[in-house]
Engineer: 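First the structure, then my questions, so here it is.
Everything numeric in this text was worked out from a predicted model, so none of it was measured. Nothing fancy with the numbering, it's 1 onward along the sequence. Below, each value reflects all heavy atoms present in this structure, side chains not excepted, and no hydrogens, waters or symmetry copies.
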Amino acid sequence: MCKKQKVKVRPRIGIALGSGGARGYAHIGVLKALQEANIPIDIIAGTSMGAVVGAAYAAGYRIEELEDIALKMRWRWILNLFDPTLPRQGIIAGNKVEKYFEILTQGKEFSQLRKPLTVVATDIVSGEEVRISKGLVAKALRASIAIPGVFSPVKIDERILVDGSVTTPVPVRAAKEAGADIVIAIDVSSNVDQTSTLVHTWKRIKNMPSQKVVRYIKNSRFEIINVLDNTLELCARPKEVSLNSGLHGKHYYLLKPEVGNIKWYEFYRAGECIRAGEIAGKKVTEKIKIALDTGNFIEEGVKESFWELKAI
């Protein structure tokens with residue numbers, strides 16, 4: 001009897017792109033570093049701004065094109081995407097933003113993308129992480145960037161969805177469970193800003209002595225108050241943190257580009273973010289290339305890989 005020959009296959013490499021507003025442009029720099037090192041990306045998971053960058057990349061944009069779009073971004077143009085509405089659930093309706101995402105993704109559905117993509121949002125009612133990987137990409141992006149109290153939530157499959165960063169700032173587990181053997185996680189979070197200024201204003205109001213005023217507001221018909229209150233409670237819960245994501249420190253790299261002093265709305269600093277992402281990306285490329293070159297591949301049919309990757 002002939003001994004069955006083992007088939008060696010290349011590990012599937014996933015990238016988990018975290019939230020952070022303008023700091024999310026660092027993701028472009030990391031992707032640029034990986035491309036220059038000829039390291040392929042097979043699976044993408046993104047939260048908020050990370051979902052936007054990931055969707056554009058999955059739709060087929062070249063890195064140079066993404067970089068050009070980022071460097072041309074200015075507040076005057078961004079403000080044109082805002083459509084104020086009566087503040088029932090948010091002060092911005094988000095329809096113009098969704099139209100922009102339709103253009104950015106060429107109106108594609110997830111099934112039409114060049115690479116598998118998972119977009120992460122938050123169910124504001126149940127407090128659950130919601131992963132979206134079917135339907136129109138633009139709709140999913142609109143949900144993933146819906147900063148509570150700023151953008152109106154989005155209804156998808158009977159769920160009321162807001163910004164994915166409320167539950168999952170860096171979607172490591174989403175990338176892993178989508179089939180990635182190796183996950184490169186990019187964390188661009190910072191303490192210079194948090195989920196929403198409105199949320200923190202509401203927190204201060206709740207801590208005021210006059211609780212009668214608070215109770216009156218909470219019992220009113222203004223749904224935005226409920227959105228903010230739910231968000232505040234969710235923000236207090238433990239989140240998926242890259243080093244405590246259920247992966248037990250295995251099979252992934254954690255990158256933290258030096259963008260911590262950049263506020264989420266400082267889009268004019270895109271160049272700084274991209275450069276910081278490149279620097280962080282280059283720290284991981286050589287390690288992955290060495291691992292690939294050593295031939296420590298995953299055997300076909302084996303679910304658990306043998307990779308032991310360390311956080312950077």
Side-chain angles (χ1 to χ4, degrees), residues 15-33 44-57 66-67 69-71 73-75 78 81 97 101 104 117-122 129 140-151 162-175 183-200 231 234-235 239-243 245 252-281 283-284 311-312:
I15 191 162
L17 308 177
S19 61
R23 294 189 298 273
Y25 286 137
H27 299 319
I28 298 174
V30 175
L31 290 170
K32 186 175 183 180
I44 303 170
T47 296
S48 198
M49 188 60 173
V52 176
V53 173
Y57 185 65
L66 293 178
E67 192 169 9
I69 292 171
L71 294 174
M73 194 69 69
R74 292 294 181 270
W75 256 112
I78 293 171
L81 297 178
V97 171
F101 288 152
L104 183 70
L117 170 70
T118 299
V119 170
V120 176
T122 299
E129 172 193 278
L141 296 181
R142 164 72 182 83
S144 188
I145 61 94
I147 301 173
V150 178
F151 287 97
V162 297
D163 198 310
S165 66
V166 175
T167 51
T168 314
V170 186
V172 180
R173 188 189 296 273
V183 177
I184 303 168
I186 301 110
D187 181 3
V188 290
S189 60
S190 173
N191 58 11
V192 300
D193 55 58
Q194 296 186 29
T195 305
S196 170
T197 300
L198 290 179
V199 171
H200 290 278
T231 302
L234 292 175
C235 286
K239 298 180 179 64
E240 175 185 307
V241 179
S242 295
L243 289 176
S245 61
Y252 76 102
Y253 289 101
L254 171 65
L255 305 182
K256 291 182 69 68
E258 297 293 331
V259 291
N261 67 326
I262 298 175
K263 295 182 174 61
W264 72 268
Y265 53 81
E266 293 181 324
F267 293 96
Y268 64 91
R269 300 179 70 178
E272 296 176 58
C273 295
I274 293 172
R275 285 192 292 276
E278 282 188 75
I279 293 171
K283 291 181 179 179
V284 75
I312 300 297

Engineer: To check you understand the geometry: which heavy-atom pair defines the closest contact between A146 and V162, and what is its length?
Structural biologist: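 Taking every non-hydrogen atom into account, O-CB, 3.5 Å.
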Engineer: Do S190 and V259 make a side-chain contact, defined as non-hydrogen atoms from C-beta onward lying under 4.5 Å apart?
Structural biologist: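 A side-chain contact under 4.5 Å is absent here.
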Engineer: Using the side chain to side chain contact (heavy atoms under 4.5 Å, CB included) definition, which of the options V183, D187, I186, V172 pairs with L254?
Structural biologist: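 One option only clears the test, and that one is D187.
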Engineer: What pair of heavy atoms forms the shortest contact from K256 to S189, and how long is it?
Structural biologist: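 Minimum heavy-atom contact is NZ-OG, 4.4 Å.
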Engineer: I need the minimum non-hydrogen distance between V188 and G18, along with the two atoms involved.
Structural biologist: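 Where V188 meets G18 most closely, the heavy atoms are CG2-O, 3.9 Å.
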Engineer: Is there a side-chain contact between Y253 and K283 (heavy atoms, below 4.5 Å)?
Structural biologist: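 With C-beta onward as the side chain, the pair stays apart.
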Engineer: Do E272 and Y25 come within less than 4.5 Å of each other through their side chains, counting heavy atoms only?
Structural biologist: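 No, their side chains stay 4.5 Å or more apart.
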Engineer: Knowing that exactly one of P169, S144, P171 qualifies, which makes a side chain to side chain contact (heavy atoms under 4.5 Å, CB included) with S19?
Structural biologist: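 For S19, the side chain to side chain contact (heavy atoms under 4.5 Å, CB included) check succeeds only for P169.
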Engineer: Are I262 and C273 side-chain neighbours, meaning at least one heavy-atom pair lies under 4.5 Å?
Structural biologist: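 Touching, per the 4.5 Å side-chain cut-off.
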Engineer: Heavy-atom distance under 4.5 Å between the side chains of I279 and E258, does that happen here?
Structural biologist: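 Answer no - side chains too far apart.
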Engineer: With sequence neighbours left out, write down each residue that passes salt bridge (Lys or Arg N to Asp or Glu O under 4.0 Å) with R275, or none if nothing qualifies.
Structural biologist: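 Per chain and number, R275 pairs via salt bridge (Lys or Arg N to Asp or Glu O under 4.0 Å) with no residue.
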Engineer: Report the C-alpha separation of R269 and N261 in whole Å, then their side-chain angles, then the decisive distance to 0.1 Å, and conclude whether the side chain to side chain contact (heavy atoms under 4.5 Å, CB included) test is met.
Structural biologist: CA-CA 11 Å; R269 300 179 70 178; N261 67 326; 3.3 Å; yes
Engineer: Contact between I69 and I28 at the side-chain level, heavy atoms closer than 4.5 Å - yes or no?
Structural biologist: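 They are not in side-chain contact.
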Engineer: Do you know which of T122, T47, T168 makes side chain to side chain contact (heavy atoms under 4.5 Å, CB included) with E129?
Structural biologist: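 The option that passes is T168.
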Engineer: Below 4.5 Å, heavy atoms only, C-beta onward: do I145 and F101 meet side chain to side chain?
Structural biologist: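 A side-chain contact exists here, since the closest heavy-atom pair is under 4.5 Å.
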Engineer: Can you find a pair of side-chain heavy atoms, one from D163 and one from P148, that are under 4.5 Å apart?
Structural biologist: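 A side-chain contact exists here, since the closest heavy-atom pair is under 4.5 Å.
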Engineer: Run the side chain to side chain contact (heavy atoms under 4.5 Å, CB included) test on I15 and Y57 for me, step by step, so that the C-alpha distance in whole Å, both residues' side-chain angles and the decisive distance to 0.1 Å come before the verdict.
Structural biologist: CA-CA 11 Å; I15 191 162; Y57 185 65; over 6 Å; no
